[in-house]
Amino acid sequence: MKRLNLAIVLLIFCVLVSAQKSTKATKSSKSVKEVPAYKNPRLAISERIADLISRMTIEEKAGQLNQISSGSLTGPSTKDEGDVKKIEQIRNGEIGSFLNLTGSKNTYDVQKIAVEETRLGIPLLFALDVIHGYKTIFPIPLAEACSWDLEEIENNQRVAAAEASSAGIHWTFAPMCDISADPRWGRVMEGAGEDPFLGALIAAARVRGFQGDLTDGKHIMACVKHFAAYGAVEAGREYNHVDISRYALWNKYLPPYKAGIDAGAATVMNSFNVFEGVPATANKYLNVDVLKHKLGFKGFTISDWNTYSEMIFHGYASDEKDCLEKAMNGGGMVEMSSQTTIKYLPELVAEGKISMAQVDEAVSKILYYKFKLGLFEQPYRYCDEQREKNELFSMQNRAVARKSAGNSIILLKNENNILPLKPTTKVALIGYYAKSKVDMFDFWTAKGEYQQAVSILEGLSTKFPNLIYSDGYKADATTTDSLINRALEAAKNADVLLVNIGLSGALSGEDRSLANIKIPAGQLELLKALKKTGKPIVALISSGRPMVLTQIQDISNVLLQCWVLGSETGNAVADVVSGLVNPSAKTVMSFPVDEGQIPVYYNHFNTGRPLPEVQGGDWFSRYRDIPNQPLYPFGYGLSYTQFAYSNVGVNRTTFSKSDTIIVKVNLKNIGKLDGLEIVQLYIQDPVASLVRPIKELKGYQKVALKQGEEKIVKFKLTANELGFYSSEGNWTIEPGEFKIMVGTNSDNVSSTVVRLVDK
Ligand code: NOJ
């Protein structure tokens, strides 16, 4: 990726030099037979771009910065008025990329117009939200993150990219790298939870998986989004404002974006929110000072949907022309959907309000990726119908999704080791969502077909052939006496009641904010009725976010957080319930006791009035009606076996900036099964020039232990990892004492102390 960055710098230089020479439309004066330099694959990309830019009109440049949604467009044979207009726009070079146009045939037909019928033949880019799979749908990203398995996460995106690229897609709008501790926000499903350290590792893995080196035709460009701090939307309400400090921005929100960028992400998407009074889309501090200069991002930015024109509603721009001027001068490049660029860029450049150099810089970056993907030589390389047929929803891809889904399920409670169940167990499965295939999917499912998904009912039926099923509640989670009575009837002959509760799949994703994230009243009523049977209750919780489980905590003997798991949901749930898979996932978001606690997260600052166990005394920071701590903390998750931790220690208690400390812990599998444990390393900087969190994750290892096996787990830690960002974004390492903590979750650790000396 370093080489790629160097290439981009070189090409920008060439483009700027060439832009000096020609800022106006120039028809090539070379002889008709001569192949223009930009079409010569033997030349360096930078030369080809410089040549192409020198031939482009300002209107054509605006076209490269214009992305629209394809809507119903499939190809040139359309009769639809809107589609005819889009085709005309392509012919005029007014469109650089499409969003939502998919399929090898459709993309071929539309690409052909751009390549064969436009003046310069610049190929289009086709983009889609491939959030967790293209046709084979993987667990939602939040669930996938709970595996803490970077190799698996990277491979999942590789499979998603292979599918998408076979169907004409060059570019996904993922990964979402927004840190969030607010489960009211429907989009937490799209991220990696509340922790910047883990979020950064996962962001990088996702970018690597999507992109590879971007040259083999089987990978797609990634897009780190939503820049920046969109996960901090006030009150968890979608599209809302964000009001945070630069200190929080640098330490909490930026690390995952930075990691995605360092991993080579080709693109970055702006967020809908305002930051420090300026919409992110036009925010020079975010897009230029931070993204370009501090983070060294060399790719191109894209706005979120209509965020240019939405600046009028924000009260930041007076009209569309003003929007474009402010967006581009605030670091904007490609505009998604609102098309102010195509309307006003020529005028604004003519008026000197946007410089041609700036336009050329943006256009050259887009062209760079079109060259890099090989589209000038092989514009149809992503449109191979045979590859598409072989790749989509293949048995191999489904097997990858099934494994990942199993590794995403979290065992929150398992009274008396009720799980796993023997195949002979008489099981009653209760819950409308369990049989409803559409609820195996959330809002972001690209080209996945929910009819092909394995429902929980189907999956469990293959493992427990005598299973009896009953709805228990309706699609909207309300219930009736007769539904409850039928569920009780089904429960009569069962040994164990598996009750699928939670939210419909559609309540997970964009514009799915919820103020109430408790288990719906109808489902609670059902659970209470079932409880009276005295039979063990296993709650299978389906939701795209951590819900408030307080009310069902005591009613249920087992809690299995099943998230929204995609195409292989039923098989994965059955794998875990039957014990074929021993759960090992740990939550990457805290589960609140009540909505009133939100945002609740492990890596908070201490107050001057911490809880009495920390400080003693009265008048401290607390709620009078609920505890401060979440129901389940970050990093929490059980296994069917048990692990014992002992002897947390370090190889040295004093160290300097050039030393490496080895942190050790003994881990023993003391249960009755083989299992996997995610051992977590946290630190605290108790006294610093800026207040630091009470705990910060700094490492983890997923360790496989056979029954009875014992291992010494070791972590390496250097002074660099003990630092933090100043509000200006400078990494600071301060000597002094540090607490080192190791344990099974963020609330269950053993600690020791080390001292960093300044030498
Ligand atoms: C709006 C969403 O915020 C963004 O994440 C997505 O990529 C675009 N729409 C395009 O669908």
Side-chain angles (χ1 to χ4, degrees), residues 66-73 95-102 125-134 137 140-142 157 160-161 164 169-180 182 185-192 203 206-207 210 220-233 236-242 253 256-257 260 265-275 279-281 283 286 299-311 313-314 327 332-339 441-448 506 508-513 544:
N66 183 31
Q67 175 173 105
I68 62 168
S69 178
S70 60
S72 56
L73 179 65
I95 297 176
S97 54
F98 269 101
L99 151 76
N100 296 336
L101 190 75
T102 60
L125 288 173
F126 297 112
L128 185 74
D129 290 282
V130 181
I131 305 296
H132 51 119
Y134 178 78
I137 302 303
I140 53 167
L142 181 70
Q157 319 318 313
I169 299 302
H170 310 116
W171 182 9
T172 176
F173 298 132
M176 187 186 94
C177 302
D178 303 329
I179 291 295
S180 180
D182 195 332
W185 190 42
R187 297 196 82 168
V188 293
M189 54 78 50
E190 228 182 304
R206 287 182 171 151
V207 169
F210 281 130
I220 57 180
M221 295 194 296
C223 183
V224 159
K225 71 186 189 185
H226 305 86
F227 200 78
Y230 191 36
V233 274
R237 184 152 53 76
E238 188 78 279
Y239 316 124
N240 205 0
H241 297 295
V242 163
Y253 295 97
Y257 307 120
T267 67
V268 167
M269 185 186 290
N270 304 127
S271 48
F272 285 112
N273 56 277
V274 164
F275 179 77
T281 294
N283 196 306
L286 290 180
F300 63 91
T301 62
I302 175 158
S303 76
D304 204 340
W305 184 277
N306 281 351
T307 56
Y308 279 23
S309 59
E310 284 175 13
M311 287 195 287
F313 291 111
H314 278 295
M333 294 182 187
V334 175
E335 176 186 15
M336 184 192 289
S337 177
S338 39
Q339 301 213 60
F441 277 21
D442 61 300
F443 163 79
W444 287 121
T445 45
K447 292 287 147 184
S508 163
E510 184 178 344
D511 190 16
R512 267 60 177 176
S513 292

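Atoms within each ligand, like the ligands themselves, are counted from 1 in listed order.
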Checklist line | Partner residues of Phe441 under the ring-ring contact (aromatic ring centres under 6.0 Å, His included) criterion, sequence neighbours left out | finding: none
Notebook entry, point to check: Among all residues two or more places apart in sequence or in another chain, which pass the side chain to side chain contact (heavy atoms under 4.5 Å, CB included) test with Ala222?
Noted result: Pro175, Val207, Phe210, Gln211
Next item on the list: Only counting residues at least two apart or in another chain, list the ones meeting side chain to side chain contact (heavy atoms under 4.5 Å, CB included) with Ser180.
Entry: Asp182, Trp185, Val188
Notebook entry, point to check: Which word best sums up how the rings of Trp171 and Phe300 line up, parallel for under 30°, tilted for 30 to 60°, or perpendicular for over 60°?
Noted result: perpendicular
Pairs under 3.5 Å, N/O atoms on ligand 1 and on the protein: can you put them in a table with the distances?
{"unit_1": "ligand 1", "atom_1": "3 (O)", "unit_2": "Arg187", "atom_2": "NH1", "d": "2.6"}
{"unit_1": "ligand 1", "atom_1": "3 (O)", "unit_2": "His226", "atom_2": "NE2", "d": "3.4"}
{"unit_1": "ligand 1", "atom_1": "3 (O)", "unit_2": "Asp304", "atom_2": "OD1", "d": "3.4"}
{"unit_1": "ligand 1", "atom_1": "3 (O)", "unit_2": "Asp304", "atom_2": "OD2", "d": "2.5"}
{"unit_1": "ligand 1", "atom_1": "5 (O)", "unit_2": "Arg187", "atom_2": "NH2", "d": "2.8"}
{"unit_1": "ligand 1", "atom_1": "5 (O)", "unit_2": "Lys225", "atom_2": "NZ", "d": "2.8"}
{"unit_1": "ligand 1", "atom_1": "5 (O)", "unit_2": "His226", "atom_2": "NE2", "d": "2.7"}
{"unit_1": "ligand 1", "atom_1": "7 (O)", "unit_2": "Asp129", "atom_2": "OD1", "d": "2.6"}
{"unit_1": "ligand 1", "atom_1": "7 (O)", "unit_2": "Lys225", "atom_2": "NZ", "d": "3.1"}
{"unit_1": "ligand 1", "atom_1": "9 (N)", "unit_2": "Asp304", "atom_2": "OD1", "d": "3.4"}
{"unit_1": "ligand 1", "atom_1": "11 (O)", "unit_2": "Asp129", "atom_2": "OD2", "d": "2.5"}

Item checked: Heavy-atom donor-acceptor pair, Tyr257 side chain to Ala229 backbone, under 3.5 Å -> yes
Notebook entry, point to check: Looking at side-chain heavy atoms only, is the closest gap between Ile169 and Thr102 below 4.5 Å?
Noted result: yes
